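Counting starts at 1 for both ligands and their atoms, in listed order. Residues take their numbers from the sequence shown, with the count starting at 1. Because the structure is a prediction, the values reported are computed rather than measured.
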Amino acid sequence: MEGNFRYSNPTHLYFGQKAMESLKKEVEAFGQTVMLCYGGGSIKRNGIYDNVMQVLQAAGKTVVDDGGVMPNPTIEKLREGAAKVRDNKVDLILAVGGGSTVDYAKGVSVSAYCDEDPWQKYYVRQENPSCPIVPVGVVLTMVGTGSEMNGGSVITNHAEGMKIGKVFRDDVFPRFTILNPEFTFTVPQRQMVAGVFDIMSHIMEQYFAGDGDYTTDYIAEGLMRSLIHSSRIAVRDPRNYEARSNIMWTATWALNTLLKCGKGGDWMVHMIGQAIGAHTDATHGMTLSAVSLPYYRFIMHDGLHKFVRFAKVVWDVDPAGKTDEQVANDGLLALEAWMREVGVSMHSAELGVTEQNIPAIADSTFLLPAGYRHLTRDEVINILRQSL
Ligand code: NZQ
Ligand code: ZN
(Lines give C-alpha, C1' and ligand atoms only; values in the text may rest on other atoms or scores of the structure.)
(Ligands and ions follow the chains in the order given, each with its own letter.)
Protein backbone atom coordinates (compact mmCIF):
# COMPACT_ATOMS: atom_id res chain seq x y z
CA MET A 1 0.00 0.00 0.00
CA GLU A 2 1.25 3.48 -0.85
CA GLY A 3 0.92 6.84 0.84
CA ASN A 4 -1.41 7.95 3.60
CA PHE A 5 -5.14 8.15 3.19
CA ARG A 6 -8.37 8.83 5.00
CA TYR A 7 -11.28 6.51 4.25
CA SER A 8 -14.91 7.29 4.96
CA ASN A 9 -18.12 6.89 3.04
CA PRO A 10 -21.21 8.66 4.32
CA THR A 11 -23.84 7.14 1.96
CA HIS A 12 -26.45 4.93 3.62
CA LEU A 13 -27.22 2.03 1.27
CA TYR A 14 -30.45 0.00 1.27
CA PHE A 15 -30.16 -3.03 -0.96
CA GLY A 16 -32.68 -5.64 -2.13
CA GLN A 17 -36.28 -6.16 -3.19
CA LYS A 18 -37.58 -4.41 -0.06
CA ALA A 19 -35.11 -1.52 -0.15
CA MET A 20 -37.87 1.01 -0.95
CA GLU A 21 -39.37 0.41 2.49
CA SER A 22 -36.52 2.53 3.88
CA LEU A 23 -37.20 5.57 1.70
CA LYS A 24 -39.87 7.09 3.97
CA LYS A 25 -37.64 7.07 7.06
CA GLU A 26 -34.76 8.59 5.09
CA VAL A 27 -36.79 11.45 3.54
CA GLU A 28 -38.38 12.24 6.90
CA ALA A 29 -34.96 13.27 8.18
CA PHE A 30 -34.98 16.26 5.80
CA GLY A 31 -37.14 19.41 5.48
CA GLN A 32 -40.51 19.91 3.84
CA THR A 33 -39.66 20.42 0.16
CA VAL A 34 -38.28 17.66 -2.04
CA MET A 35 -37.21 18.20 -5.66
CA LEU A 36 -37.80 15.01 -7.62
CA CYS A 37 -35.22 14.73 -10.45
CA TYR A 38 -35.63 12.15 -13.17
CA GLY A 39 -34.79 11.51 -16.80
CA GLY A 40 -36.79 11.24 -20.00
CA GLY A 41 -39.73 9.30 -18.60
CA SER A 42 -38.69 5.65 -18.08
CA ILE A 43 -39.73 5.89 -14.40
CA LYS A 44 -43.26 6.90 -15.42
CA ARG A 45 -43.55 3.88 -17.71
CA ASN A 46 -42.19 1.27 -15.30
CA GLY A 47 -44.08 2.42 -12.18
CA ILE A 48 -41.11 3.63 -10.12
CA TYR A 49 -42.38 7.25 -10.27
CA ASP A 50 -45.73 6.26 -8.72
CA ASN A 51 -43.94 4.21 -6.11
CA VAL A 52 -41.72 7.15 -5.08
CA MET A 53 -44.61 9.66 -5.14
CA GLN A 54 -46.64 7.47 -2.79
CA VAL A 55 -43.78 7.50 -0.29
CA LEU A 56 -43.29 11.27 -0.58
CA GLN A 57 -47.03 11.86 -0.11
CA ALA A 58 -47.17 9.53 2.87
CA ALA A 59 -44.29 11.52 4.37
CA GLY A 60 -46.27 14.73 3.81
CA LYS A 61 -43.68 16.31 1.50
CA THR A 62 -44.16 19.17 -0.96
CA VAL A 63 -42.80 17.86 -4.27
CA VAL A 64 -41.13 20.05 -6.91
CA ASP A 65 -41.07 18.23 -10.25
CA ASP A 66 -37.77 18.26 -12.18
CA GLY A 67 -37.93 15.79 -15.06
CA GLY A 68 -36.14 15.76 -18.40
CA VAL A 69 -32.56 15.12 -17.27
CA MET A 70 -30.90 13.91 -20.46
CA PRO A 71 -28.24 11.16 -20.71
CA ASN A 72 -24.91 13.03 -20.43
CA PRO A 73 -26.50 15.97 -18.57
CA THR A 74 -25.67 19.46 -19.80
CA ILE A 75 -24.53 22.59 -17.99
CA GLU A 76 -27.64 24.43 -19.25
CA LYS A 77 -29.91 21.88 -17.57
CA LEU A 78 -27.82 22.11 -14.40
CA ARG A 79 -28.27 25.90 -14.30
CA GLU A 80 -32.07 25.52 -14.65
CA GLY A 81 -32.14 22.96 -11.83
CA ALA A 82 -30.06 25.20 -9.55
CA ALA A 83 -32.51 28.09 -10.07
CA LYS A 84 -35.43 25.77 -9.31
CA VAL A 85 -33.83 24.70 -6.02
CA ARG A 86 -33.28 28.34 -5.02
CA ASP A 87 -36.74 29.52 -6.08
CA ASN A 88 -38.51 26.71 -4.22
CA LYS A 89 -36.19 26.60 -1.19
CA VAL A 90 -35.69 22.87 -1.75
CA ASP A 91 -34.55 20.87 1.30
CA LEU A 92 -33.72 17.56 -0.41
CA ILE A 93 -32.92 16.69 -4.04
CA LEU A 94 -34.17 13.16 -4.75
CA ALA A 95 -32.59 11.71 -7.90
CA VAL A 96 -34.54 8.79 -9.36
CA GLY A 97 -32.68 7.37 -12.34
CA GLY A 98 -29.26 6.38 -13.63
CA GLY A 99 -25.86 8.02 -13.38
CA SER A 100 -26.93 11.01 -15.47
CA THR A 101 -29.74 11.96 -13.08
CA VAL A 102 -27.58 11.36 -10.01
CA ASP A 103 -24.59 13.30 -11.41
CA TYR A 104 -26.93 16.15 -12.33
CA ALA A 105 -28.46 16.18 -8.84
CA LYS A 106 -25.01 16.51 -7.26
CA GLY A 107 -24.09 19.32 -9.65
CA VAL A 108 -27.33 21.15 -8.80
CA SER A 109 -26.78 20.61 -5.07
CA VAL A 110 -23.50 22.56 -5.10
CA SER A 111 -24.63 25.17 -7.64
CA ALA A 112 -27.94 26.41 -6.19
CA TYR A 113 -26.23 28.77 -3.73
CA CYS A 114 -22.93 29.21 -5.57
CA ASP A 115 -22.24 32.85 -6.41
CA GLU A 116 -19.75 31.98 -9.16
CA ASP A 117 -20.24 30.20 -12.49
CA PRO A 118 -20.47 26.49 -11.52
CA TRP A 119 -19.02 25.31 -14.84
CA GLN A 120 -15.87 27.36 -14.33
CA LYS A 121 -15.56 26.80 -10.58
CA TYR A 122 -16.25 23.08 -10.24
CA TYR A 123 -15.63 21.51 -13.62
CA VAL A 124 -12.93 23.68 -15.25
CA ARG A 125 -11.03 24.79 -12.13
CA GLN A 126 -11.92 21.64 -10.12
CA GLU A 127 -12.58 23.62 -6.92
CA ASN A 128 -14.66 22.47 -3.97
CA PRO A 129 -17.88 24.16 -2.90
CA SER A 130 -17.71 27.05 -0.48
CA CYS A 131 -21.49 27.59 -0.36
CA PRO A 132 -24.28 25.64 1.40
CA ILE A 133 -24.81 22.19 -0.22
CA VAL A 134 -28.37 20.90 -0.69
CA PRO A 135 -28.50 17.22 0.32
CA VAL A 136 -29.07 14.55 -2.35
CA GLY A 137 -30.82 11.19 -2.01
CA VAL A 138 -30.98 8.50 -4.70
CA VAL A 139 -33.28 5.78 -6.00
CA LEU A 140 -31.11 4.04 -8.60
CA THR A 141 -32.74 2.61 -11.75
CA MET A 142 -29.72 1.89 -13.99
CA VAL A 143 -26.42 0.37 -12.97
CA GLY A 144 -22.88 1.24 -14.01
CA THR A 145 -21.49 4.58 -12.93
CA GLY A 146 -21.18 4.09 -9.18
CA SER A 147 -22.59 7.61 -8.77
CA GLU A 148 -24.91 6.23 -6.08
CA MET A 149 -22.07 6.11 -3.55
CA ASN A 150 -19.44 8.56 -4.74
CA GLY A 151 -18.82 12.27 -5.29
CA GLY A 152 -18.60 12.07 -9.09
CA SER A 153 -20.56 14.46 -11.27
CA VAL A 154 -19.89 14.47 -15.01
CA ILE A 155 -21.34 17.40 -16.96
CA THR A 156 -21.27 18.15 -20.69
CA ASN A 157 -20.75 21.58 -22.21
CA HIS A 158 -21.54 21.19 -25.92
CA ALA A 159 -20.69 24.82 -26.73
CA GLU A 160 -17.13 24.27 -25.49
CA GLY A 161 -16.84 20.67 -26.75
CA MET A 162 -16.04 19.46 -23.23
CA LYS A 163 -17.36 16.73 -20.96
CA ILE A 164 -15.73 17.03 -17.53
CA GLY A 165 -16.05 15.03 -14.34
CA LYS A 166 -15.58 16.58 -10.93
CA VAL A 167 -15.07 14.26 -7.98
CA PHE A 168 -16.54 16.12 -5.03
CA ARG A 169 -15.65 15.49 -1.39
CA ASP A 170 -17.83 13.28 0.73
CA ASP A 171 -20.11 16.16 1.80
CA VAL A 172 -21.57 15.93 -1.73
CA PHE A 173 -21.99 12.12 -1.78
CA PRO A 174 -25.64 11.00 -1.74
CA ARG A 175 -26.91 10.89 1.85
CA PHE A 176 -28.74 7.66 1.06
CA THR A 177 -29.31 5.34 -1.89
CA ILE A 178 -32.07 2.81 -2.54
CA LEU A 179 -30.75 -0.14 -4.59
CA ASN A 180 -33.48 -2.51 -5.73
CA PRO A 181 -32.06 -4.73 -8.52
CA GLU A 182 -35.60 -5.31 -9.86
CA PHE A 183 -35.77 -1.61 -10.78
CA THR A 184 -33.10 -2.32 -13.43
CA PHE A 185 -35.10 -5.07 -15.19
CA THR A 186 -36.63 -2.58 -17.67
CA VAL A 187 -33.28 -1.05 -18.74
CA PRO A 188 -32.86 -1.71 -22.50
CA GLN A 189 -30.26 -4.41 -23.26
CA ARG A 190 -27.88 -1.95 -24.95
CA GLN A 191 -27.88 0.30 -21.88
CA MET A 192 -27.46 -2.69 -19.59
CA VAL A 193 -24.32 -3.89 -21.36
CA ALA A 194 -22.96 -0.34 -21.61
CA GLY A 195 -23.35 -0.21 -17.83
CA VAL A 196 -21.59 -3.56 -17.46
CA PHE A 197 -18.62 -2.31 -19.46
CA ASP A 198 -18.57 0.94 -17.49
CA ILE A 199 -18.18 -1.14 -14.31
CA MET A 200 -15.42 -3.24 -15.86
CA SER A 201 -13.67 -0.09 -16.99
CA HIS A 202 -13.85 1.52 -13.54
CA ILE A 203 -12.15 -1.54 -12.09
CA MET A 204 -9.52 -1.78 -14.86
CA GLU A 205 -8.71 1.94 -14.60
CA GLN A 206 -7.79 1.45 -10.95
CA TYR A 207 -6.14 -1.96 -11.47
CA PHE A 208 -3.71 -1.03 -14.26
CA ALA A 209 -1.45 1.17 -12.18
CA GLY A 210 1.46 0.70 -9.82
CA ASP A 211 4.03 -2.02 -9.23
CA GLY A 212 3.30 -2.95 -5.62
CA ASP A 213 1.36 -5.67 -3.86
CA TYR A 214 -1.96 -3.96 -3.16
CA THR A 215 -4.87 -5.45 -1.23
CA THR A 216 -7.17 -3.41 -3.47
CA ASP A 217 -5.93 -5.27 -6.57
CA TYR A 218 -7.02 -8.59 -5.06
CA ILE A 219 -10.44 -7.06 -4.38
CA ALA A 220 -10.54 -5.74 -7.96
CA GLU A 221 -9.81 -9.22 -9.36
CA GLY A 222 -12.68 -10.69 -7.37
CA LEU A 223 -15.05 -7.97 -8.56
CA MET A 224 -14.00 -8.50 -12.19
CA ARG A 225 -14.53 -12.26 -11.99
CA SER A 226 -17.98 -11.76 -10.46
CA LEU A 227 -18.92 -9.19 -13.10
CA ILE A 228 -17.78 -11.36 -16.01
CA HIS A 229 -19.70 -14.33 -14.60
CA SER A 230 -22.94 -12.44 -13.86
CA SER A 231 -22.91 -10.41 -17.08
CA ARG A 232 -22.84 -13.63 -19.13
CA ILE A 233 -26.00 -14.76 -17.34
CA ALA A 234 -27.71 -11.35 -17.54
CA VAL A 235 -27.32 -10.95 -21.32
CA ARG A 236 -29.09 -14.27 -21.86
CA ASP A 237 -31.62 -13.83 -19.05
CA PRO A 238 -32.04 -10.11 -18.18
CA ARG A 239 -34.61 -10.81 -15.44
CA ASN A 240 -32.26 -13.12 -13.54
CA TYR A 241 -32.34 -11.51 -10.09
CA GLU A 242 -29.18 -13.14 -8.83
CA ALA A 243 -27.12 -11.91 -11.79
CA ARG A 244 -28.63 -8.41 -11.84
CA SER A 245 -28.21 -7.99 -8.09
CA ASN A 246 -24.55 -9.07 -8.27
CA ILE A 247 -23.94 -6.61 -11.10
CA MET A 248 -25.60 -3.82 -9.10
CA TRP A 249 -23.48 -4.51 -6.02
CA THR A 250 -20.28 -4.80 -8.09
CA ALA A 251 -21.00 -1.44 -9.74
CA THR A 252 -21.25 0.28 -6.37
CA TRP A 253 -17.98 -1.19 -5.08
CA ALA A 254 -16.16 -0.56 -8.35
CA LEU A 255 -16.32 3.20 -7.86
CA ASN A 256 -17.14 4.11 -4.27
CA THR A 257 -13.52 5.08 -3.45
CA LEU A 258 -12.50 1.69 -2.00
CA LEU A 259 -10.38 0.52 -4.95
CA LYS A 260 -8.31 3.67 -5.14
CA CYS A 261 -7.03 3.32 -1.58
CA GLY A 262 -3.28 2.95 -1.28
CA LYS A 263 -2.42 3.15 -4.97
CA GLY A 264 -2.53 5.38 -8.04
CA GLY A 265 -4.92 4.95 -10.96
CA ASP A 266 -4.94 5.32 -14.72
CA TRP A 267 -8.23 6.84 -16.07
CA MET A 268 -7.02 7.48 -19.63
CA VAL A 269 -9.78 5.28 -21.12
CA HIS A 270 -12.28 7.56 -19.37
CA MET A 271 -10.48 10.71 -20.50
CA ILE A 272 -10.63 9.61 -24.16
CA GLY A 273 -14.17 8.23 -23.74
CA GLN A 274 -15.42 11.46 -22.21
CA ALA A 275 -13.85 13.48 -25.04
CA ILE A 276 -15.69 11.26 -27.53
CA GLY A 277 -18.87 11.87 -25.53
CA ALA A 278 -18.35 15.65 -25.64
CA HIS A 279 -18.29 15.57 -29.44
CA THR A 280 -20.84 12.82 -30.18
CA ASP A 281 -23.12 12.57 -27.09
CA ALA A 282 -22.61 8.78 -27.34
CA THR A 283 -23.51 6.39 -24.49
CA HIS A 284 -20.72 6.56 -21.89
CA GLY A 285 -20.02 2.82 -21.53
CA MET A 286 -19.81 2.37 -25.29
CA THR A 287 -17.23 5.14 -25.65
CA LEU A 288 -15.10 3.21 -23.15
CA SER A 289 -15.52 -0.16 -24.87
CA ALA A 290 -14.58 1.31 -28.26
CA VAL A 291 -11.21 2.66 -27.07
CA SER A 292 -10.20 0.14 -24.39
CA LEU A 293 -8.55 -2.52 -26.55
CA PRO A 294 -6.51 -0.10 -28.71
CA TYR A 295 -5.41 1.67 -25.51
CA TYR A 296 -4.50 -1.44 -23.54
CA ARG A 297 -2.67 -3.01 -26.50
CA PHE A 298 -0.67 0.20 -26.81
CA ILE A 299 0.37 0.40 -23.12
CA MET A 300 0.68 -3.36 -22.53
CA HIS A 301 4.48 -3.35 -22.73
CA ASP A 302 4.77 -0.51 -20.21
CA GLY A 303 2.89 -2.48 -17.54
CA LEU A 304 3.59 -6.00 -18.76
CA HIS A 305 3.71 -7.62 -15.30
CA LYS A 306 0.20 -6.37 -14.55
CA PHE A 307 -1.24 -7.51 -17.86
CA VAL A 308 0.27 -10.96 -17.22
CA ARG A 309 -1.40 -11.08 -13.79
CA PHE A 310 -4.70 -9.85 -15.32
CA ALA A 311 -4.56 -12.70 -17.86
CA LYS A 312 -3.79 -15.38 -15.30
CA VAL A 313 -6.02 -14.31 -12.41
CA VAL A 314 -9.01 -12.73 -14.13
CA TRP A 315 -9.16 -14.82 -17.31
CA ASP A 316 -7.51 -18.11 -16.21
CA VAL A 317 -4.97 -17.96 -19.04
CA ASP A 318 -2.55 -20.90 -18.70
CA PRO A 319 1.00 -19.48 -18.88
CA ALA A 320 2.69 -22.84 -19.57
CA GLY A 321 5.18 -22.62 -22.44
CA LYS A 322 4.34 -18.96 -23.20
CA THR A 323 6.35 -15.76 -22.97
CA ASP A 324 5.02 -12.98 -20.74
CA GLU A 325 3.98 -11.07 -23.86
CA GLN A 326 1.97 -14.02 -25.14
CA VAL A 327 0.24 -14.44 -21.77
CA ALA A 328 -0.60 -10.72 -21.57
CA ASN A 329 -1.85 -10.77 -25.13
CA ASP A 330 -4.03 -13.82 -24.41
CA GLY A 331 -5.58 -11.90 -21.50
CA LEU A 332 -6.56 -9.06 -23.82
CA LEU A 333 -7.92 -11.57 -26.33
CA ALA A 334 -10.09 -13.03 -23.56
CA LEU A 335 -11.30 -9.53 -22.65
CA GLU A 336 -12.11 -8.94 -26.33
CA ALA A 337 -14.04 -12.23 -26.62
CA TRP A 338 -16.12 -11.35 -23.54
CA MET A 339 -16.84 -7.86 -24.90
CA ARG A 340 -18.10 -9.37 -28.17
CA GLU A 341 -20.16 -11.94 -26.24
CA VAL A 342 -21.99 -9.34 -24.14
CA GLY A 343 -22.36 -7.07 -27.17
CA VAL A 344 -20.64 -3.74 -26.46
CA SER A 345 -19.51 -1.33 -29.21
CA MET A 346 -16.12 -2.35 -30.57
CA HIS A 347 -15.74 0.58 -33.01
CA SER A 348 -15.89 4.28 -32.30
CA ALA A 349 -17.11 4.95 -35.85
CA GLU A 350 -20.46 3.46 -34.72
CA LEU A 351 -20.61 6.26 -32.14
CA GLY A 352 -19.91 9.15 -34.51
CA VAL A 353 -16.10 9.33 -34.45
CA THR A 354 -14.62 10.14 -37.87
CA GLU A 355 -11.16 10.86 -39.31
CA GLN A 356 -12.29 14.50 -39.43
CA ASN A 357 -13.31 14.94 -35.78
CA ILE A 358 -10.42 12.95 -34.26
CA PRO A 359 -8.13 16.02 -33.86
CA ALA A 360 -10.88 17.91 -32.00
CA ILE A 361 -11.56 14.87 -29.77
CA ALA A 362 -7.83 14.66 -29.01
CA ASP A 363 -7.87 18.36 -28.07
CA SER A 364 -10.71 17.68 -25.61
CA THR A 365 -8.82 14.78 -23.98
CA PHE A 366 -7.14 15.50 -20.64
CA LEU A 367 -3.68 13.91 -20.63
CA LEU A 368 -3.21 12.54 -17.11
CA PRO A 369 0.02 11.08 -15.68
CA ALA A 370 -1.87 7.72 -15.85
CA GLY A 371 -0.84 4.25 -14.73
CA TYR A 372 2.01 3.04 -16.89
CA ARG A 373 2.52 5.69 -19.57
CA HIS A 374 1.88 9.40 -19.98
CA LEU A 375 0.21 9.68 -23.39
CA THR A 376 0.92 12.46 -25.87
CA ARG A 377 -1.72 14.06 -28.08
CA ASP A 378 -0.32 12.18 -31.11
CA GLU A 379 -0.65 8.88 -29.24
CA VAL A 380 -4.28 9.71 -28.41
CA ILE A 381 -4.86 10.38 -32.11
CA ASN A 382 -3.36 6.98 -32.99
CA ILE A 383 -5.52 5.21 -30.39
CA LEU A 384 -8.62 6.97 -31.73
CA ARG A 385 -7.72 5.96 -35.32
CA GLN A 386 -7.31 2.35 -34.27
CA SER A 387 -10.67 2.50 -32.48
CA LEU A 388 -12.56 3.45 -35.67
O1 NZQ B 1 -33.93 9.14 -19.05
P2 NZQ B 1 -34.74 7.92 -18.84
O3 NZQ B 1 -36.04 7.95 -19.54
O4 NZQ B 1 -34.86 7.54 -17.40
O5 NZQ B 1 -33.96 6.71 -19.59
C6 NZQ B 1 -32.64 6.33 -19.21
C7 NZQ B 1 -31.59 6.77 -20.23
O8 NZQ B 1 -32.12 6.89 -21.51
C9 NZQ B 1 -32.55 4.82 -19.28
N10 NZQ B 1 -32.97 4.18 -18.04
C11 NZQ B 1 -32.46 4.35 -16.80
N12 NZQ B 1 -33.07 3.51 -15.93
C13 NZQ B 1 -34.00 2.82 -16.64
C14 NZQ B 1 -33.94 3.25 -17.97
N15 NZQ B 1 -34.75 2.75 -18.93
C16 NZQ B 1 -35.64 1.81 -18.55
N17 NZQ B 1 -35.73 1.34 -17.28
C18 NZQ B 1 -34.94 1.82 -16.30
N19 NZQ B 1 -35.02 1.32 -15.06
O20 NZQ B 1 -31.19 4.54 -19.50
C21 NZQ B 1 -30.62 5.59 -20.27
C22 NZQ B 1 -29.25 5.91 -19.74
O23 NZQ B 1 -29.33 6.46 -18.45
P24 NZQ B 1 -28.07 7.25 -17.86
O25 NZQ B 1 -28.42 7.74 -16.51
O26 NZQ B 1 -27.60 8.26 -18.86
O27 NZQ B 1 -26.96 6.10 -17.79
P28 NZQ B 1 -25.73 5.88 -16.86
O29 NZQ B 1 -26.17 5.39 -15.54
O30 NZQ B 1 -24.79 5.07 -17.63
O31 NZQ B 1 -25.10 7.36 -16.65
C32 NZQ B 1 -24.24 7.92 -17.60
C33 NZQ B 1 -23.64 9.24 -17.12
O34 NZQ B 1 -22.85 9.06 -15.92
C35 NZQ B 1 -21.53 9.59 -16.13
C36 NZQ B 1 -21.35 9.40 -17.63
O37 NZQ B 1 -20.30 10.17 -18.15
C38 NZQ B 1 -22.70 9.81 -18.16
O39 NZQ B 1 -22.80 11.22 -18.26
N40 NZQ B 1 -20.56 8.93 -15.24
C41 NZQ B 1 -20.60 9.21 -13.92
C42 NZQ B 1 -19.65 8.74 -13.04
C43 NZQ B 1 -19.66 9.07 -11.60
N44 NZQ B 1 -20.61 9.81 -11.11
O45 NZQ B 1 -18.78 8.66 -10.86
C46 NZQ B 1 -18.52 7.92 -13.48
C47 NZQ B 1 -18.72 7.33 -14.81
O48 NZQ B 1 -17.45 6.99 -15.33
C49 NZQ B 1 -19.44 8.18 -15.79
O50 NZQ B 1 -18.57 9.08 -16.42
ZN1 ZN C 1 -17.38 5.34 -16.31
Report summary line: For Asn72, the ligand 1 atoms with a heavy-atom partner under 4.0 Å come out as 38 (C), 39 (O)
Query raised in the report: Without hydrogens or angle criteria, can the side chains of Ser364 and His279 be said to hold a donor-acceptor pair below 3.5 Å?
Result: yes
Query raised in the report: Between Tyr207 and Phe310, what is the ring plane arrangement, given parallel below 30°, perpendicular above 60°, and tilted in between?
Result: tilted
Query raised in the report: Any salt bridge between Glu379 and Arg373, counting N to O under 4.0 Å?
Result: yes
Requested in this report: Please work out which of the three classes, parallel, tilted or perpendicular, describes the rings of Phe208 and Phe307, given edges at 30° and 60°.
Outcome: parallel
Query raised in the report: Which part of Phe183 is near ligand 1, with near meaning a heavy atom under 4.0 Å away: side chain, backbone, both or neither?
Result: backbone
Query raised in the report: Do Tyr295 and Gln386 get their side chains close enough for a donor-acceptor pair, meaning under 3.5 Å?
Result: no
Report task. May I ask you to identify the nearest protein heavy atom to atom 6 (C) of ligand 1, giving residue, atom name and distance to one decimal place in Å? Result -> Ser42 OG, 4.5 Å
**Report entry** Side-chain donor-acceptor pair present, Asn128, Lys121, cut-off under 3.5 Å
**Finding:** no
Query raised in the report: With atoms numbered from 1 as shown, which atoms in ligand 1 lie under 4.0 angstrom from a non-hydrogen atom of Asp103?
Result: 34 (O), 35 (C), 40 (N), 41 (C), 42 (C), 43 (C), 44 (N)
**Report entry** atom 16 (C) of ligand 1 protein-contacted, heavy-atom criterion under 4.0 angstrom
**Finding:** yes
Query raised in the report: Any luck finding a side-chain donor-acceptor pair between His301 and Glu325 under 3.5 Å?
Result: yes
Query raised in the report: Going by an N to O cut-off under 4.0 Å, is there a salt bridge joining Asp50 and Lys44?
Result: no
Report task. Could you list who else is in Val55's hydrophobic cluster, with ILVMFWY side chains joined at under 4.5 Å, directly or through other members? Result -> Tyr14, Met20, Leu23, Val27, Phe30, Val34, Leu36, Tyr38, Ile43, Ile48, Tyr49, Val52, Met53, Leu56, Val63, Leu92, Leu94, Val96, Val139, Phe176, Ile178, Phe183
Requested in this report: Report the protein N/O/S neighbours of the Zn ion (ligand 2) that fall below 2.8 Å; do not count waters.
Outcome: Asp198 OD1, His202 NE2, His270 NE2, His284 NE2
**Report entry** Same apolar cluster: Val313 and Leu223, side chain cutoff 4.5 Å
**Finding:** no
Report task. Would you mind listing which atoms of ligand 1 come within a distance below 4.0 Å of any non-hydrogen atom of Leu255? Result -> 45 (O), 46 (C)
Requested in this report: Flag the pair Arg340 and Glu336 as a salt bridge only when some basic side-chain nitrogen lies within less than 4.0 angstrom of an acidic carboxylate oxygen.
Outcome: yes
Query raised in the report: Looking at ligand 1, does any of its N/O atoms fall within less than 3.5 Å of an N/O of His202?
Result: yes
Query raised in the report: For ligand 1, which atoms, with element, lie under 4.0 Å from some heavy atom of Gly152?
Result: 44 (N), 45 (O)
Query raised in the report: So which heavy atom in the protein is nearest atom 30 (O) of ligand 1, and how far is it from that ligand atom?
Result: Met142 CE, 3.5 Å
Requested in this report: Among all protein heavy atoms, pick the one closest to atom 2 (P) of ligand 1 and tell me residue, atom and distance.
Outcome: Gly40 N, 3.3 Å
Query raised in the report: Which is it for Asn46 and ligand 1 at heavy atoms under 4.0 Å: side chain, backbone, both or neither?
Result: side chain
Query raised in the report: Looking at Ser147, which atoms of ligand 1 are within less than 4.0 Å of one of its heavy atoms?
Result: 44 (N)
Query raised in the report: Can you find a side-chain donor-acceptor pair between Tyr123 and Ser153 that sits under 3.5 Å?
Result: yes
Query raised in the report: What protein heavy atom sits nearest atom 7 (C) of ligand 1, and how far off is it?
Result: Pro71 CG, 4.0 Å
Query raised in the report: Does the protein place any heavy atom closer than 4.0 Å to atom 42 (C) of ligand 1?
Result: yes
Query raised in the report: Just heavy atoms, cut-off under 4.0 Å: does Asp198 contact ligand 1 by side chain, backbone, both, or neither?
Result: side chain
Query raised in the report: Which heavy atom of the protein is the closest neighbour of atom 12 (N) of ligand 1, given with residue, atom name and distance?
Result: Thr141 OG1, 2.8 Å
Query raised in the report: Nearest to atom 34 (O) of ligand 1, what protein heavy atom do you find, and at what distance?
Result: Thr145 CG2, 3.3 Å
Query raised in the report: So, Asn180 and Lys18: side-chain donor and acceptor under 3.5 Å apart, yes or no?
Result: no
Query raised in the report: Heavy atom of Met70 under 4.0 Å from ligand 1?
Result: no
Report summary line: ligand 1 to Pro188, heavy atom cutoff 4.0 Å, flagged ligand atoms 15 (N), 16 (C)
Query raised in the report: Contact between Gly285 and ligand 1, counting heavy atoms under 4.0 Å?
Result: no
Query raised in the report: Do we see a donor-acceptor contact under 3.5 Å between the side chains of Ser8 and Asp170?
Result: yes
Query raised in the report: Does Lys77 come within less than 4.0 Å of Asp66, counting only side-chain N to carboxylate O?
Result: yes
Query raised in the report: Regarding Trp249 and Ser226, is there a side-chain donor-to-acceptor distance under 3.5 Å anywhere?
Result: no
Report task. Check each heavy atom of Lys163 against ligand 1 and say whether those closer than 4.0 Å belong to the side chain, the backbone, both or neither. Result -> side chain
Query - Any Gly41 heavy atom less than 4.0 Å from ligand 1 - result: yes
**Report entry** Gly99 neighbourhood, listing ligand 1 atoms whose heavy-atom distance to it stays under 4.0 Å
**Finding:** 25 (O), 28 (P), 29 (O), 31 (O), 34 (O)
Query raised in the report: Short N/O distance, under 3.5 Å, between Thr186 and ligand 1?
Result: yes
Query raised in the report: Going by the order shown, which atoms of ligand 1 are within less than 4.0 Å of some heavy atom of Gly98?
Result: 25 (O), 29 (O)
Requested in this report: Examine the side chains of Asp213 and Tyr218 and answer whether a donor and an acceptor come within less than 3.5 Å of each other.
Outcome: yes
Query raised in the report: Would you say the side chains of Glu160 and Trp119 form a donor-acceptor pair under 3.5 Å?
Result: yes
Query raised in the report: Judging by distance only, is a nitrogen or oxygen of Asn150 under 3.5 angstrom from one on ligand 1?
Result: yes
Report task. May I have the step-by-step check of salt bridge (Lys or Arg N to Asp or Glu O under 4.0 Å) for Lys306 and Asp211, ending in yes or no? Result -> CA-CA 8 Å; Lys306 200 55 166 287; Asp211 300 318; over 6 Å; no
Report summary line: At under 4.0 Å between heavy atoms, what of Ala194 touches ligand 1? The answer is neither
Query raised in the report: Where the side chain of Ser245 meets the backbone of Glu242, is there a donor-acceptor pair that is under 3.5 Å apart?
Result: yes
Query raised in the report: Among protein heavy atoms, which lies nearest atom 25 (O) of ligand 1, and at what distance?
Result: Ser100 N, 3.0 Å
Query - Candidate with minimal heavy-atom separation from atom 20 (O) of ligand 1, of Gln274, Gln191, Lys44, His284 - result: Gln191
